[in-house]
Visitor: 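After the structure tokens below, expect a handful of questions from me.
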There are 2 protein chains.
Amino acid sequence: MLTQRRGQFPTREELRIWRNFIETTDALRAAIAARLLSESGLSTGDYSVLLALTEAENGRLRSSELAATIGWERSRLSHHLGRMDKRGLIRRENCTGDNRGAEAVLTGEGAAAFHRATVPHLRAIRELFVDGLTPAQVGAAGELAAALRDHLESAGGGASSR
Amino acid sequence: MLTQRRGQFPTREELRIWRNFIETTDALRAAIAARLLSESGLSTGDYSVLLALTEAENGRLRSSELAATIGWERSRLSHHLGRMDKRGLIRRENCTGDNRGAEAVLTGEGAAAFHRATVPHLRAIRELFVDGLTPAQVGAAGELAAALRDHLESAGGGASSR
DNA sequence: GGAATATAATTGACACGTCAATCATTTCCG
DNA sequence: CGGAAATGATTGACGTGTCAATTATATTCC
């Protein structure tokens, strides 16, 4: 209680910045996602999955590897693959050599959708993110992200981590 | 094609920064939300609603005003109030003077939950956001947010806005 | 070999968000 | 007045995310 670091709470100004920061990044994410969806019919989740499969050997990946690649929980991926399967963007196959495994396989339709999406998506990132900042600010964004990420990883992000 | 501004697409480095930035802010948001939930049983949505009601005259607000205050769509608020009502955090009443209106009223239980939540929530914001950055970086975060927000508002965030 | 355990993936229940109806009341105006 | 349009709010359908089981196969080790 003695050793409590400077202000237990954020100052008014810090709080204002926090709210602004989190709301703005949220709006940015939503705007990019909306553009992607309207221009290609893909959600950002779809895009991540298709990107990973496109870059994978033979357009196929074991479910758990795919989850690790894009940083998703297993059950989230499972639900999402179910929806993508229903839409014909991917196909599920049994994993040869390990019968409990499953592989997600890129379909022609999935590959086509991904290719239709990529150019407009990159353009949206440039227009809404890069073009809104000076080069110095883009650099600052990178440093900010790195600092926050390091801090999160060390200081424990989760709820149960302390 | 001649007049195309500097790189139609983000550079490799810009793209790396974009991904890092968006993933990190997402992880930060998730971490703060998880802390809030585990420490108080409230979601960030609950918190926003309770904050607005707490600050309102008599702990009550007309539904549409509440939506405007916290920047939500009406239907989103309606769904959320339904869930909060079921949990006893707020109560719905008819709006005197305009029978199509509805008011959300803070219950004792809602007020108590909010008060239990606020200190740990502010602490989490300090620990996970403010403490992860130098004072200069906090300032940079504010400027970044302002720049991105301005750009989003002018350059059209939505999908249909061009 | 065969039970205990670990691993891979799916499932179900539920919270949350968006969009497009829908319903009720009020307001506008001829 | 009375019907058309505007306004306030809710609802339903569906995509998405999390958590806690559950199912199925592999591995381990006695």
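Protein chains get the first letters and strands the later ones, always in sequence-line order, with residue 1 at the start of each. What's counted below: heavy atoms across the whole structure, side chains too, no hydrogens, waters or symmetry copies.
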Visitor: With a 4.0 Å cut-off on N to O distance, would you call A:R83 and A:D46 a salt bridge?
Guide: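 Between A:D46 and A:R83 there is no salt bridge, as every charged N stays at least 4.0 Å from the carboxylate O atoms.
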Visitor: What distance do B:H151 atom NE2 and A:L128 atom CG have between them, rounded to the nearest 0.5 Å?
Guide: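 These two atoms lie 6.0 Å from each other.
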Visitor: Tell me the interatomic distance from A:L37, atom CG, to D:dC14, atom C1', rounded to whole angstroms.
Guide: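 Atom CG in A:L37 sits about 13 Å away from atom C1' in D:dC14.
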Visitor: Does a side-chain N-to-carboxylate-O contact under 4.0 Å join B:E23 and B:R19?
Guide: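 A salt bridge is absent here (no side-chain N lies under 4.0 Å from a carboxylate O).
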Visitor: Rounded to the nearest 0.5 Å, what separates atom OG1 in A:T24 from atom CD in B:E153?
Guide: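 A:T24 atom OG1 to B:E153 atom CD measures 8.5 Å (nearest 0.5 Å).
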Visitor: Can you measure B:N94 atom CG to D:dA9 atom P for me and round it to whole angstrom units?
Guide: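 It works out to 11 Å between those atoms.
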Visitor: Decide yes or no, distance alone: a donor-acceptor N/O pair under 3.5 angstrom between the base of C:dT7 and the side-chain of A:R100.
Guide: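 Checked by distance alone, the answer is yes.
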Visitor: Which sits closer to the 5' end of DNA chain D, A:T44 or B:C95, going by the nucleotide each is nearest to?
Guide: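 Its nucleotide being nearer the 5' end, the pick is B:C95.
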Visitor: For A:S63 and A:L77, run side chain to side chain contact (heavy atoms under 4.5 Å, CB included): C-alpha distance rounded to whole Å, both residues' side-chain angles, the deciding distance at 0.1 Å, then the answer.
Guide: CA-CA 8 Å; A:S63 206; A:L77 181 60; 3.9 Å; yes
Visitor: For A:K86 and C:dT10, give me the distance from atom NZ to atom P, rounded to whole Å.
Guide: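 Result: 14 Å.
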Visitor: Look at the side-chain N and O atoms of B:N99 and state whether any lies under 4.0 Å from the OP1 or OP2 oxygen of C:dT26.
Guide: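 Yes, such a contact exists.
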Visitor: Please list, in numerical order, the residues of residues 72-84 of chain A that have a heavy atom closer than 4.0 Å to any atom of DNA chain C.
Guide: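 Within residues 72-84 of chain A, the residues near DNA chain C are A:R74, A:S75, A:S78, A:H79.
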Visitor: Which class fits the ring pair B:F21 and A:F21: parallel under 30°, tilted 30 to 60°, perpendicular over 60°?
Guide: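 Ring orientation, 0 to 90° scale: perpendicular.
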Visitor: Give the rounded distance in Å between these two atoms: CG of B:L36 and C1' of D:dT18.
Guide: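 Roughly 16 Å, once rounded to whole Å.
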Visitor: If you look at every strand shown and take non-hydrogen atoms under 4.0 Å, does B:R92 touch a base, only sugar-phosphate, or nothing?
Guide: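 Sugar-phosphate, no base atom in range.
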Visitor: How far apart are the C-alpha atoms of B:R116 and B:S40, what are their side-chain angles, what is the distance that settles it, and do they pass the side chain to side chain donor-acceptor pair (under 3.5 Å) test?
Guide: CA-CA 6 Å; B:R116 271 198 311 278; B:S40 72; over 6 Å; no
Visitor: So if I take residues 56-71 of chain A and measure heavy-atom distances to DNA chain C, which residues fall below 4.0 Å?
Guide: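 Hits under 4.0 Å, by residue number: A:R62, A:S63, A:S64.
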Visitor: Without decimals, in angstroms, what is the distance between A:E103 CD and C:dT10 C1'?
Guide: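 Taking CD of A:E103 and C1' of C:dT10, I get 17 Å after rounding.
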Visitor: Report the C-alpha separation of B:L42 and B:L89 in whole Å, then their side-chain angles, then the decisive distance to 0.1 Å, and conclude whether the side chain to side chain contact (heavy atoms under 4.5 Å, CB included) test is met.
Guide: CA-CA 10 Å; B:L42 297 179; B:L89 297 172; 4.0 Å; yes
Visitor: Pick out which of B:L122, B:V138, B:V130, B:L28 makes a side chain to side chain contact (heavy atoms under 4.5 Å, CB included) with A:W18.
Guide: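 Of the listed options, the one satisfying the test is B:L28.
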